[in-house]
Structures are given as structure tokens and as C-alpha cells.
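Presented below is the structure to which this report refers.
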Amino acid sequence: MSSKRGKARRDPLKVGIVYDTHTGTTAAAAEKMAEVVRAAGHECAVANLSNAATALTGSKAVVLGAWTEGWFIIRQHPSEPMMKFLDDATLSGKPVAVYATYKLAVGSTVRHLADKAESAGGKVTGMYKVKGPNVPDGFESWVGSLESGAAI
């Protein structure tokens, strides 16, 4: 008699993606990242800042996206609305991935966003720079870490 042993798969998680967009690029990147999350078998809710509660309610992991403000290649920082949102957010130890979209340079935008997410109680386990409306390199690995439980 043979027995089949497989790797135990964790139950699907809800991932909330919240973004602030200026031209639509950050929103488009969020939707593409949501496709990656769903393809991995997880539930994913995507919302802009004005509807953030719908994406965050019940989420076990969070993705935060902001566009890069600044003067072309100097003084880059995450969008002010995202930073203000994080002033009052409670991420309660959840794994968080942050990303910043940019056209020319991103500077320390991602680091500032990560610091603010950690101040809101999140555990930043992924940081990404995104040029254009794309899935950032390494994001699939972050999603995989949720499945394995490494990020939770």
C-alpha cells in the first residue's frame, strides 16, 4: 500500500492592497499585484485610500503603494495622502509589503514608506520600487512567503 504525502498547504489568506495614485500607475500596479496574490490561491481586496477599510478588514497581510513625489530626481518621498493615512492606521503586526511607483528616480521613498508602516505596527517583509504599472521583481516571492508562513 502506498501513501501519498504532499506538502501541507496553508489555508488561503486575505491580503489587502491599499494604494494612493496620482496618474493611475500605482493603481494599475496594485491590480497586477492582486492578480499574483489571487493566482497563488489567496483572497485579495484592492482599494484606494478613500476605501482602505474595505481592503484591510479581515486581512492577514497588507500591501501599501504610493507614488513618488519630488523634484524630478531630488527630494523624493511617498505621497502625502499615504503618509497621513499611515499616521492613523493600525497594522497590528501584520506582514506588510510596500512599493513606490516612479518615473525618473525613487530615492529613499520606499524606505520612508516602510518606516511609516512599521510605526503603524506593521512588520515590513517586502520593499519594492516599481517603474510603470508592473508587478515588481521579487513580489511573487513575498506572496510565496505568506503561503509558507515565513512572513506571518
Side-chain angles (χ1 to χ4, degrees), residues 4-69 76-103 106 108-152:
K4 294 184 180 180
R5 289 186 177 195
K7 187 172 139 182
R9 182 182 164 106
R10 296 177 66 99
D11 291 334
L13 302 172
K14 179 180 178 189
V15 177
I17 300 179
V18 176
Y19 64 87
D20 181 38
T21 195
H22 182 64
T23 62
T25 301
T26 311
E31 291 296 340
K32 288 182 179 181
M33 286 186 264
E35 290 173 15
V36 170
V37 172
R38 291 179 188 121
H42 301 295
E43 179 184 344
C44 189
V46 181
N48 63 20
L49 289 177
S50 63
N51 296 314
T54 61
L56 296 178
T57 300
S59 69
K60 299 295 181 192
V62 176
V63 179
L64 300 170
W67 58 281
T68 301
E69 288 190 70
Q76 286 83 12
H77 58 278
S79 65
E80 287 299 318
M82 177 58 79
M83 297 302 271
K84 287 180 182 176
F85 166 77
L86 287 170
D87 281 340
D88 298 323
T90 303
L91 300 176
S92 306
K94 295 176 184 178
V96 177
V98 296
Y99 73 98
T101 56
Y102 67 99
K103 291 196 188 280
V106 71
S108 58
T109 301
V110 178
R111 179 76 257 162
H112 289 302
L113 189 55
D115 290 346
K116 195 71 159 182
E118 288 180 347
S119 293
K123 179 182 174 190
V124 175
T125 55
M127 297 176 18
Y128 307 100
K129 302 171 187 177
V130 184
K131 189 166 187 175
N134 303 303
V135 174
D137 290 339
F139 184 73
E140 292 89 352
S141 295
W142 183 80
V143 173
S145 73
L146 298 176
E147 187 171 308
S148 70
I152 299 179

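Everything numeric here is computed off the predicted structure, so don't read it as measured data. Start at 1 with the first residue, then count along the sequence. FYI, side chains are in, hydrogens and waters are out, and symmetry mates aren't considered; it's all heavy atoms of this structure.
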- Query: L56 versus V62: any side-chain heavy-atom pair under 4.5 Å?
  - Reply: yes
- Message: Strictly by ring pair (Phe, Tyr, Trp, His ring centres under 6.0 Å), give each pair with a member in residues 44-65 just once, sequence neighbours left out.
- Response: none
- Item | Heavy-atom closest pair, residues T68 and Y102 | OG1-CB, 3.8 Å
- OG1 on T21 to CG on N48, rounded to 0.5 Å: 9.0 Å
- Query: Under the side chain to side chain contact (heavy atoms under 4.5 Å, CB included) criterion, do Y19 and V46 qualify, and how do the steps go?
  - Reply: CA-CA 8 Å; Y19 64 87; V46 181; 3.7 Å; yes
- Minimal heavy-atom distance between A61 and W142, with the atoms involved, is CB-CH2, 4.0 Å
- Message: For S141, give me all partners under side-chain hydrogen bond (donor to acceptor under 3.5 Å, both in side chains), at least two apart in sequence or on another chain.
- Response: none
- Query: Where does the angle between the aromatic ring planes of Y128 and F139 fall among parallel (under 30°), tilted (30 to 60°) and perpendicular (over 60°)?
  - Reply: perpendicular
- Message: Test your reading of the model: is there a side-chain donor-acceptor pair from D115 to the backbone of E118, 3.5 Å cut-off?
- Response: no
- Message: Looking at every heavy atom in both S79 and A66, which two are closest together, and how far apart are they?
- Response: OG-CB, 3.7 Å
- Minimum heavy-atom distance P95-L146, with the two atoms named: CG-CD2, 4.0 Å
- Message: Among residues at least two apart in sequence or on other chains, which ones pass salt bridge (Lys or Arg N to Asp or Glu O under 4.0 Å) with D88?
- Response: none
- Message: Measuring only between side-chain heavy atoms, which start at C-beta, is V110 closer than 4.5 Å to Y99?
- Response: no
- Query: To the nearest 0.5 Å, how far apart are CE in M83 and CG in L113?
  - Reply: 6.5 Å
- Item | salt bridge (Lys or Arg N to Asp or Glu O under 4.0 Å) partners of K116, counting only residues at least two apart | D87
- Looking at side-chain heavy atoms only, is the closest gap between K94 and S59 below 4.5 Å? yes
- Query: Between G65 and M82, what is the shortest heavy-atom contact and its length?
  - Reply: O-CE, 3.1 Å
- Message: Quick check against the 3.5 Å criterion: does K14 have a side-chain atom that pairs as donor or acceptor with the backbone of T57?
- Response: yes
- Shortest non-hydrogen pair, L86 vs A120, comes out as O-CB, 3.7 Å
- Query: Taking only residues two or more places apart in sequence, or in another chain, which ones meet S108 in a side-chain hydrogen bond (donor to acceptor under 3.5 Å, both in side chains)?
  - Reply: H112
- Task: For L91 and L64, run side chain to side chain contact (heavy atoms under 4.5 Å, CB included): C-alpha distance rounded to whole Å, both residues' side-chain angles, the deciding distance at 0.1 Å, then the answer.
- Result: CA-CA 11 Å; L91 300 176; L64 300 170; 4.2 Å; yes
Quick one: side chains of residues 25-37, donor-acceptor pairs under 3.5 Å with protein atoms, not counting sequence neighbours, listed by atom name and distance.
| residue | atom | partner | partner atom | Å |
| --- | --- | --- | --- | --- |
| T25 | OG1 | T23 | OG1 | 3.3 |
| T26 | OG1 | T101 | OG1 | 2.6 |
| K32 | NZ | P133 | O | 2.8 |

